[in-house]
Amino acid sequence: MSTMKQSNRKRSSTDFPQGFVWGVAAASYQVEGAAREDGRGPSIWDTFSRKPGKVLHGHTGDVSVDQYHRYEEDVQLMHELGVASYRFSIAWPRVQPAGSGAINPAGLDYYRRLSDALHARGIQTTATLYHWDLPQPLEDAGGWPVRDTAYRFAEYSRVCFEALGDHVDRWITLNEPWCSSVLGYLEGVHAPGCTDRSAAWAAAHHLMLGHGLAVQAYRSGPGAQPDAAPIGITLNLESPRPATRRPEDLEAADRWIDLRSRFFLDPLLGRPYPERHFASYPDHTPPPVQTGDMATIAVPIDFLGVNFYHEPVVAADPSHPEGFRCAESHHETTDMGWPITPRGLYRHLKWVWQTTEGRYPLFITENGCAMPDTLTPDGERCHDPRRVAYLREHFSAALDAVEDGVDLRGYFVWSLIDNFEWAYGYEKRFGIVYADYVNGRRVRKDSFYYLREVISGAETL
Ligand code: FCB
């Protein structure tokens, strides 16, 4: 276990390696709005958010912060921040409304306009192909538990590579396939809201297969270019701490890693899915792996995206269906109830780097916190000192990992602006810019100015 570093020297963002990418992140369904405009088809989140009781207050992404119409304003905010890159996602139902077949040129045009606006201000584009908004017709045909969806994803990805290849500086195939599969098909708290263990692990396999097929298409299909932009995947890996050193808690933490991390990481590294996980559930059938699938998933990528919000503490608990649970924490928590654990980021980056044997450079593709932010009475400012502290501590922890040899290439703060936080609707605010959902007005929070100074090197870490 590491100890807190004691350094007398003042550090700043200039201590990160040359070319370090500072960025902000968001995702299509969470910020775009314009859900029925210019030929966009319905996604599973349009459907799910309309089911009573699924999203807090019945919120939907229909309008959100309307980035579809207000992207110029948001690009201007990013320009002010001085970020090197914006991580956004491409809405599959905008590009290919039925999930297969006809392409919607107006959808592709939106991402060209957005990219042009970013490039005009010197901001690189980091585009995620799938951040959870599956076209509804594909769900109607079975969704991710069905193998065909992986092929449809590869086909849609190829369309994006061909149409947007000269607009995108960095590609990410999937965002957090654990959430798409487990929250979506096992726990039912995300779209499409199913609760079927076997379906969830079939979904997970088909997501990973879709990732591999998309990377293969990128490397070898028509239009593939040798000097093409790098491509990777973003995972929400977890490397929890056991609640105690008792063998049962150590075992629980290790099983947690199987479920949350190894299931997604091992196949990328050319290893089989972690076996013992399957054996422990009587109602479980192993993922439907066919010959050649594991080689497809293991096709080399150029970087690994790491999303980090907190470090769980895990305890054995025989009364729990999984046999373990998240233990109570003494840490202060965010508005999501997530403990604030910056040293966990340091440990996690080192764990990922060691587990992947340094094979891929890493990017933090999401990190940030929800806080109960409010505007000042004049409506002009938003003081969010706890977010400033959260970011400072996490930036510093990331720098410690870099100094220990982790090849971290960039850091994207989640999020540029408050947005639709999935099952929590607009209740949770993750932005460094405050969104007034009544009129769409954007108000820079203190953390916005803080990040600007970090990026410029003026702020010490
Ligand atoms: C991640 C998601 C992102 C956002 C943050 C808070 O799991 O990728 O869309 O909701 O959590």
Side-chain angles (χ1 to χ4, degrees), residues 23-33 43-45 48-49 54-56 59-61 64-65 67 86-92 126-134 172-187 189-191 204 207 211 232-238 240 259-261 264 304-312 326 333-341 344-345 348 363-373 384 386-387 390-391 394 411-433 435 445 447:
V24 282
S28 49
Y29 191 72
Q30 294 181 278
V31 296
E32 284 180 358
S43 80
I44 54 174
W45 271 95
F48 184 72
S49 60
K54 294 298 184 191
V55 175
L56 215 58
H59 290 162
T60 73
S64 186
V65 292
Q67 191 169 83
Y86 179 38
R87 176 179 176 230
F88 57 90
S89 78
I90 298 173
W92 186 349
T126 298
T128 305
L129 286 159
Y130 185 72
H131 201 128
W132 308 353
D133 39 4
L134 187 73
I172 295 173
T173 53
L174 304 177
N175 180 70
E176 302 186 352
W178 180 85
C179 291
S180 304
S181 50
V182 175
L183 300 184
Y185 291 94
L186 173 58
E187 296 186 9
V189 295
H190 276 192
L207 280 150
H211 155 82
I233 184 171
T234 280
L235 301 177
N236 53 327
L237 302 169
E238 286 187 352
L259 280 158
R260 301 285 298 240
S261 302
F264 299 91
L304 180 63
V306 175
N307 289 356
F308 180 89
Y309 289 93
H310 67 101
E311 176 188 62
C326 214
T333 56
T334 69
D335 205 23
M336 297 293 282
W338 297 343
I340 300 176
T341 54
L345 174 60
H348 186 59
F363 283 82
I364 295 173
T365 39
E366 285 180 28
N367 172 247
C369 59
M371 292 291 172
D373 303 316
D384 58 341
R386 295 179 67 214
R387 180 174 292 100
Y390 179 102
L391 292 176
H394 285 79
Y411 199 129
F412 292 80
V413 169
W414 184 276
S415 177
L416 171 68
I417 183 165
D418 296 335
N419 58 59
F420 178 83
E421 179 46 36
W422 310 114
Y424 296 90
Y426 298 101
E427 184 91 356
K428 305 294 179 198
R429 294 182 177 272
F430 273 92
I432 55 167
V433 172
K445 300 182 190 176
S447 55

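Ligands are counted one by one from 1 in listed order, and the atoms in each one are counted from 1 as well. These numbers come from a predicted model, not from an experiment.
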Enquirer: Under 4.0 Å from a heavy atom of Glu421: give me the atoms of ligand 1 that qualify, with their elements.
Expert: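 Here the atoms of ligand 1 in question are 4 (C), 6 (C), 10 (O).
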Enquirer: Which protein non-hydrogen atom lies closest to atom 5 (C) of ligand 1, naming both residue and atom, and how far is it?
Expert: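 It is Tyr309 OH, 3.2 Å.
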Enquirer: State yes or no: are the ring centers of Phe420 and Tyr426 separated by less than 6.0 Å?
Expert: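 Centroid separation for Phe420 and Tyr426: below 6.0 Å.
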Enquirer: I'd like to check which ligand 1 atoms, numbered from 1 as shown, lie under 4.0 Å from a non-hydrogen atom of Gln30.
Expert: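 Contacts of ligand 1 toward Gln30, numbered from 1: 3 (C), 4 (C), 9 (O), 10 (O).
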Enquirer: List every atom of ligand 1 that sits less than 4.0 Å from any heavy atom of Trp132, numbering the atoms from 1 in the order shown and giving each element.
Expert: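 Close to Trp132: 2 (C), 7 (O), 8 (O).
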Enquirer: For atom 1 (C) of ligand 1, which protein heavy atom lies nearest, and how many Å away is it?
Expert: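 So the nearest neighbour among protein heavy atoms is Glu366 OE1, 3.1 Å.
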Enquirer: I'd like to know if the side chain of Arg387 and the backbone of Ala370 have a donor-acceptor N/O pair within less than 3.5 Å.
Expert: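 No.
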Enquirer: Report, in ascending order of atom number, the atoms of ligand 1 lying under 4.0 Å from any heavy atom of Trp422.
Expert: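 Matching atoms, with element in brackets: 3 (C), 4 (C), 9 (O), 10 (O).
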Enquirer: With a 4.5 Å heavy-atom cut-off, do Glu427 and Glu421 have their side chains touching?
Expert: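 No; the side chains remain at least 4.5 Å from each other.
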Enquirer: Can you find a side-chain donor-acceptor pair between Thr365 and Asn307 that sits under 3.5 Å?
Expert: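 There is such a pair between these side chains.
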Enquirer: Run the contact test for Met336 against ligand 1 with a 4.0 Å cut-off on heavy atoms, strictly below, and give the result.
Expert: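 Per 4.0 Å heavy-atom rule, Met336 does not contact ligand 1.
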Enquirer: Using only heavy-atom distances, determine whether the side chains of Thr234 and Asn175 contain a donor-acceptor pair under 3.5 Å.
Expert: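 Side chains of Thr234 and Asn175: no pair found under 3.5 Å.
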Enquirer: Between Trp92 and Tyr130, what is the ring plane arrangement, given parallel below 30°, perpendicular above 60°, and tilted in between?
Expert: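 Perpendicular, since the angle between the ring planes exceeds 60°.
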Enquirer: Does Asn236 come within less than 4.0 Å of ligand 1, judged by its heavy atoms?
Expert: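 Per 4.0 Å heavy-atom rule, Asn236 does not contact ligand 1.
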Enquirer: Is it true that the side chains of Asp384 and Ser447 contain a donor and an acceptor less than 3.5 Å apart?
Expert: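 Distance-only check passes for Asp384 and Ser447.
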Enquirer: When you measure from the side chain of Thr341 to the backbone of Glu311, do you find a donor-acceptor pair of N or O atoms at a distance under 3.5 Å?
Expert: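 Pair found, side chain donor or acceptor close to backbone of Glu311.
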Enquirer: For ligand 1, which atoms, with element, lie under 4.0 Å from some heavy atom of Asn175?
Expert: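 Ligand 1 atoms under the 4.0 Å threshold to Asn175: 8 (O).
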Enquirer: His131 heavy atoms, cut-off 4.0 Å: which ligand 1 atoms fall inside?
Expert: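 Matching atoms, with element in brackets: 2 (C), 3 (C), 8 (O), 9 (O).
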Enquirer: Counting each atom of ligand 1 from 1 as listed, which ones have a heavy atom of Glu176 under 4.0 Å away?
Expert: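 Going through ligand 1 atom by atom, the ones under 4.0 Å from Glu176 are 1 (C), 2 (C), 7 (O), 8 (O).
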Enquirer: So if I count the atoms of ligand 1 from 1 in the order they appear, which ones are less than 4.0 Å from some heavy atom of Phe430?
Expert: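 Those atoms are 6 (C).
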